[in-house]
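Only one structure is covered here, and it is reproduced in the block below.
Because only heavy atoms are used, hydrogens play no part in the values below, and waters and symmetry mates are left out as well, while side chains stay in. One is the number of the first residue; the rest follow in order along the sequence.
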Amino acid sequence: MSTGIITKIAGPLVIASGMRDANMFDVVRVSKEHLIGEIIEMHGDKASIQVYEETSGLAPGEKVESTGAPLSVTLGPGLIGSIFDGIQRPLEEIMRKTGTNLKRGIEIPPLDMNKTWKFEATAAVGDHVTGGDILGTVQETQIVKHKIMVPNGMSGKLTKIKSGAYNINQQIAAISLDGGKEAALTMTQSWPVRVGRPYKKKLSPSAPLLTGQRNVDLMFPIAKGGVAAIPGPFGSGKTVVQHQLAKWASADIIVYIGCGERGNEMTDVLGEFPELKDPNTGASLMERTVLIANTSDMPVAAREASVYTGITIAEYFRDMGYSVALMADSTSRWAEALREMSGRLEEMPGEEGYPAYLGSRLAQFYERAGRVLVNGSEEKEAALSVIGAVSPPGGDISEPVSQATLRIVKVFWGLDSGLAYKRHFPAINWLTSYSLYSDDLSGWFEKNASPDWPVLRARIFAMLQEESELEEIVKLVGMDALSASDRLKLEGTRSIREDFLQQDAFHEVDTYASLEKILMLMRAVLAYYDKAAAALKNGAPIEKLAALPSRERIGRLKYVEQAKVKEEYESLLAALDHEIAEASRKEEL
């Protein structure tokens with residue numbers, strides 16, 4: 001353990017001398033108030049310390065003490081449903097002890113040390129176990145079974161294990177290590193946040209992370225274990241999209257990081273998630289969620305740590321064999337924290353003042369996602385998907401954070417302020433967005449949704465592209481210059497946009513759409529266009545075809561409950577046939 005004294009203070013950056021025995025990324029305690037900090041640069045015996053708390057009132061000469069260990073998180077039962085700040089301090093427990101204001105230097109264990117958990121052993125005495133093997137389980141919430149694992153790097157024979165009620169500090173098992181020593185095991189383990197947890201092998205994506213959002217699941221799907229970015233200007237709906245993905249994504253565990261965003265947005269999460277029911281389990285969404293709340297009024301330096309804290313917790317649940325989805329809102333605020341600390345360290349700035357290593361730091365974060373074979377004796381597959389929001393100033397994605405992110409991620413959901421102002425949610429621009437997983441996942445959709453899924457998707461894309469070209473003509477010469485078939489095409493694509501792609505996040509039915517419902521909606525919209533186009537060729541007037549009563553029913557189909565969608569869809573097709581026949585017959589008379 002190394003002890004030094006403060007020589008200089010520059011905001012959240014503190015310079016201390018006499019720290020020759022300390023190491024890079026050691027956690028330190030600063031001053032008599034024991035403020036938490038981390039060494040981010042060393043020059044001889046001088047250490048530059050990133051302090052994660054308010055530094056006002058500190059003075060040169062005060063003591064700095066290294067703990068000798070890197071910034072780490074405590075992993076074990078009690079994580080699910082908890083709310084932590086960027087360095088894993090439990091905010092609810094802090095509020096109970098100190099009130100609504102976060103006091104400096106407060107030390108509270110991340111997990112409840114006194115609560116007892118019922119441990120059910122699945123391994124037996126005499127078993128040879130290695131890092132990642134499951135010793136037993138704890139029913140942490142109604143839907144999450146917390147698997148107690150052998151810590152990575154350990155291997156040996158179990159000499160003791162017993163089911164029972166324990167707190168997280170009590171011994172549950174003992175291992176005779178291969179080297180001859182015996183190690184006692186509890187239900188917790190610690191892991192440094194800046195080091196990715198190891199796994200056996202990374203696998204190619206094979207299945208989608210279904211989200212219940214039609215624009216995402218059909219147009220721009222993300223794979224389980226994939227990475228995606230949601231860039232967009234202020235007010236375009238980034239946070240609402242993130243909330244929707246966190247609510248309805250087909251993942252076993254959700255880790256939601258509020259990184260430098262406004263406090264009211266985290267308040268929405270805290271207010272909504274306990275009330276909402278998971279469509280797969282019927283239980284509260286909070287029973288599978290971990291929240292990292294590091295809002296804009298908290299110290300800037302802690303933002304930088306928050307994404308590492310969140311992804312380390314996510315990797316821990318991945319190692320249990322779960323599919324985990326991590327939402328980071330937003331990585332731009334994280335990059336701003338990097339820029340501020342880089343400036344205070346007087347490093348050579350890169351583009352727009354961001355550090356030259358911005359791209360590599362982003363890559364290190366996103367590359368921790370993936371579909372993998374996790375450690376352990378058994379072949380066990382799991383996935384960690386990462387979705388990061390980006391907040392470019394003025395929506396200009398040519399700025400460094402957006403460009404560095406786009407070079408890494410494989411899904412780009414570009415939010416459009418024009419669509420947002422038209423109240424089109426989600427405001428994902430279908431002309432600029434893309435998913436590089438589409439080809440890999442088309443086989444899965446053919447097998448699990450419908451054999452014609454890729455064909456229907458391609459038709460939707462083609463029609464929207466043609467609409468864009470036709471609208472350019474309309475702007476130049478007016479609607480009257482278009483042929484009847486082109487006018488019908490505009491009517492068909494309007495139905496695609498308004499009746500299919502547009503989704504109401506706050507409607508109890510439309511907030512989530514299953515693959516079956518997506519297919520029926522898509523087929524209903526295309527059926528109208530195909531039947532109307534055939535009638536138009538046979539002489540039916542475009543005015544009557546554009547005003548069919550069934551068009552309103554198509555628009556209302558997305559608000560029909562899942563159990564009644566098929567019945568309404570079949571009724572709608574029959575009514576559509578009758579109305580088109582009527583429009584054609586009257587014209588003949």
Side-chain angles (χ1 to χ4, degrees), residues 211-220 232 235-237 240-241 244 413-433 456-475 479 482 485-515 517-533 536 542-562 565 568-569 571-573 575-576 579-580:
T211 65
Q213 310 306 299
R214 293 186 289 274
N215 208 333
V216 172
D217 290 344
L218 175 71
M219 310 286 278
F220 312 107
S236 59
V240 182
V241 172
Q244 284 295 95
W413 295 317
L415 300 185
D416 188 290
S417 56
L419 288 173
Y421 294 148
K422 292 175 186 175
R423 299 293 186 267
H424 186 291
F425 176 85
I428 297 173
N429 188 315
W430 45 84
L431 299 175
T432 58
S433 302
L456 295 173
R457 179 178 179 271
R459 283 199 63 195
I460 295 281
F461 264 116
M463 288 180 68
L464 290 170
Q465 185 66 48
E466 287 173 17
E467 179 199 37
S468 174
E469 295 166 3
L470 290 173
E471 282 183 341
E472 292 297 321
I473 296 172
V474 171
K475 288 175 186 176
M479 182 69 77
L482 295 182
S485 62
D486 284 342
R487 288 171 64 190
L488 180 62
K489 194 165 287 181
L490 287 178
E491 289 296 327
T493 50
R494 181 166 70 87
S495 189
I496 291 172
R497 286 188 287 104
E498 296 178 2
D499 303 335
F500 179 72
L501 293 181
Q502 195 167 331
Q503 195 163 350
D504 188 344
F506 301 104
H507 191 279
E508 59 180 5
V509 174
D510 195 36
T511 185
Y512 176 85
S514 66
L515 290 182
K517 190 170 184 179
I518 290 172
L519 269 170
M520 289 185 190
L521 285 169
M522 184 164 45
R523 284 179 172 149
V525 168
L526 292 175
Y528 160 72
Y529 175 73
D530 291 341
K531 292 174 187 293
L536 187 67
I542 179 62
E543 292 78 13
K544 289 184 179 179
L545 294 173
L548 295 178
S550 290
R551 293 200 66 191
E552 188 177 336
R553 287 183 66 183
I554 293 173
R556 292 200 306 266
L557 187 60
K558 60 187 176 184
Y559 301 117
V560 177
E561 293 179 5
Q562 178 69 41
V565 170
E568 175 62 16
Y569 169 71
S571 169
L572 173 60
L573 290 186
L576 189 59
E579 289 166 13
I580 285 183

Please report the closest heavy-atom contact between [X] and [Y], naming both atoms and the distance.
| X | Y | result |
| --- | --- | --- |
| Phe220 | Phe461 | CE2-CZ, 3.6 Å |
| Arg487 | Met479 | CG-SD, 4.0 Å |
| Ala427 | Ala420 | CB-N, 3.8 Å |

| request: Look at Glu568 together with Arg556 and state whether they make a salt bridge at an N to O cut-off of under 4.0 Å. | output: no
| Electrostatic pair Asp510-Arg214, nearest N-O below 4.0 angstrom |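 Salt bridge: yes.
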Heavy-atom side-chain proximity of [X] to [Y] below 4.5 angstrom:
| X | Y | answer |
| --- | --- | --- |
| Ile460 | Ile496 | yes |
| Glu491 | Arg551 | yes |
| Lys558 | Gln503 | no |
| Phe425 | Val241 | yes |
| Gln562 | Ser514 | yes |

| note | Here the gap from Leu519 atom CG to Lys517 atom NZ, rounded to the nearest 0.5 Å, amounts to 13.0 Å
Would you find a donor on one side and an acceptor on the other, under 3.5 Å apart, between the side chain of [X] and the backbone of [Y]?
| X | Y | result |
| --- | --- | --- |
| Trp413 | Val216 | no |
| Asn215 | Leu501 | no |
| Ser433 | Gly414 | yes |
| Glu579 | Ser550 | yes |

| note | salt bridge (charged side-chain N to carboxylate O under 4.0 Å, His left out) filter on Lys531, not counting sequence neighbours, yields Asp577
| query | Which residues pass the side-chain hydrogen bond (donor to acceptor under 3.5 Å, both in side chains) test with Glu508, sequence neighbours left out? | reply | none
| request: Please say which of Leu526, Ile554, Leu490 ends up in a side-chain contact (heavy atoms from CB on, under 4.5 Å) with Ser495. | output: Ile554
